[in-house]
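Quick note: numbers below take in every heavy atom, side chains included, and nothing from hydrogens, waters or symmetry partners. Start at 1 and go down the list; that is how both ligands and their atoms are numbered.
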Amino acid sequence: MPTDPQSPYLPFGDNTRTPWYGKDILSVKQFNRADLEYIFGVAHEMRGMVERVGTFDLLKGKILANLFYEPSTRTSSSFTAAMERLGGSVIPINEVKYSSVSKGESLPDTIRTLECYADVIVLRHPEVGSAAIAAKAAQKPVLNAGDGVGEHPTQALLDNFTIFEELGAGQIDGMTVTMLGDLKYGRTVHSLARLLTLFDVKINYVSPDILRMPQEVKDEIAVKNIPQAEYNTLEKVLPETDVLYVTRVQKERFEDPAEYEKVKGAFVIDPEIMKTAKNEMIVMHPLPRVGEISPDFDDDPRAAYFRQMEYGLYVRMALLAMVLGKA
Ligand code: CP
């Protein structure tokens with residue numbers, strides 16, 4: 001594996017027994033700042049390799065079981081692409097109704113089955129804590145691809161990598177990050193807020209009252225002495241914002257459809273409102289979107305949400321290589 005001499009990150013070699021070999025990735029709480037620099041260094045190298053050669057055989061002979069109990073476009077397909085870009089192969093289980101899950105097979109038994117055939121397992125599941133249950137059952141590494149309203153650690157890593165790549169590695173200290181929309185059910189913002197505590201940032205939460213960031217997450221952030229503030233409107237904080245992280249109001253998480261109707265469309269980012277934002281800032285979104293960012297804003301250079309998806313490929317390549325002992 002060549003090393004990119006232009007890389008602003010740590011060097012990347014062909015180690016076979018790294019500290020991440022065989023590890024699960026379940027929560028952002030596992031990571032410290034040095035870990036992030038390492039992961040982003042590897043991801044940056046992966047980006048360079050994809051741009052130069054497309055596909056290479058770092059994980060040739062390795063198999064990923066991609067097990068999704070909930071819908072996904074980005075996470076599922078980027079893990080598949082990541083494995084295939086690294087020369088490995090994938091067992092895709094995107095429709096669990098066609099697997100033995102529909103016969104009542106438990107999650108631990110499903111995991112034990114898949115690890116007979118695969119070297120690493122990626123899991124998305126509707127229940128909080130499911131990834132930890134899977135990891136307990138498995139001997140092979142389990143990567144949490146979203147556990148209900150709990151965490152989405154690989155998304156938080158790619159979000160952080162996006163900020164590094166777009167606004168400059170090492171520049172994140174001193175930034176103001178504003179999270180907008182459904183902060184109650186949005187697992188991506190739960191993970192990102194926790195991960196941002198590794199930096200010297202200020203976090204603003206803008207949401208309807210019924211979709212506030214959970215107290216448990218705010219308490220964790222407060223313990224790390226990160227300034228946090230809550231707002232009902234965006235106007236006051238948009239001019240100071242360096243990263244605007246927009247989220248979808250998640251209809252599927254509401255028990256009462258009437259409550260969803262009250263808050264859907266509460267915030268819409270469009271060229272008019274973005275006139276008050278800085279020129280040097282980015283707008284992110286984990287996607288999919290359903291109206292909270294107008295397509296009229298898509299061509300603005302600050303619209304980073306499509307580039308953000310591509311950064312996810314490189315981060316997931318890095319994570320797969322790391323847990324399989326090849327980075
Ligand atoms: N960002 C994200 O998790 O997207 P998918 O639900 O499409 O995987």
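In this structure, E216 places its CD atom where only 12 or fewer heavy-atom neighbours from other residues, nucleotides or ligands lie under 6.0 Å away. The environment of CD in E51 is crowded: more than 12 heavy-atom neighbours from other residues, nucleotides or ligands sit within 6.0 Å.
Contact check for L86 versus K326: no side-chain heavy atoms found under the 4.5 Å cut-off.
Every protein residue with a heavy atom nearer than 4.0 Å to ligand 1 is included here: S72, T73, R74, T75, R124, H152, Q155, P286, L287.
L158 contributes atom CG, which lies 6.0 Å from atom CD of Q308 (distance to the nearest 0.5 angstrom).
Taking Ile, Leu, Val, Met, Phe, Trp and Tyr as members and joining any whose side-chain heavy atoms lie under 4.5 Å apart, directly or through other members, the hydrophobic cluster of F267 also contains L180, V206, Y231, L234, V237, L238, L244, V246, I269, I273, M274, M281, V283, L287, I293, F297, Y305, F306, M309.
Ring planes of F161 and Y311: perpendicular class, angle over 60° (limits at 30 and 60°).
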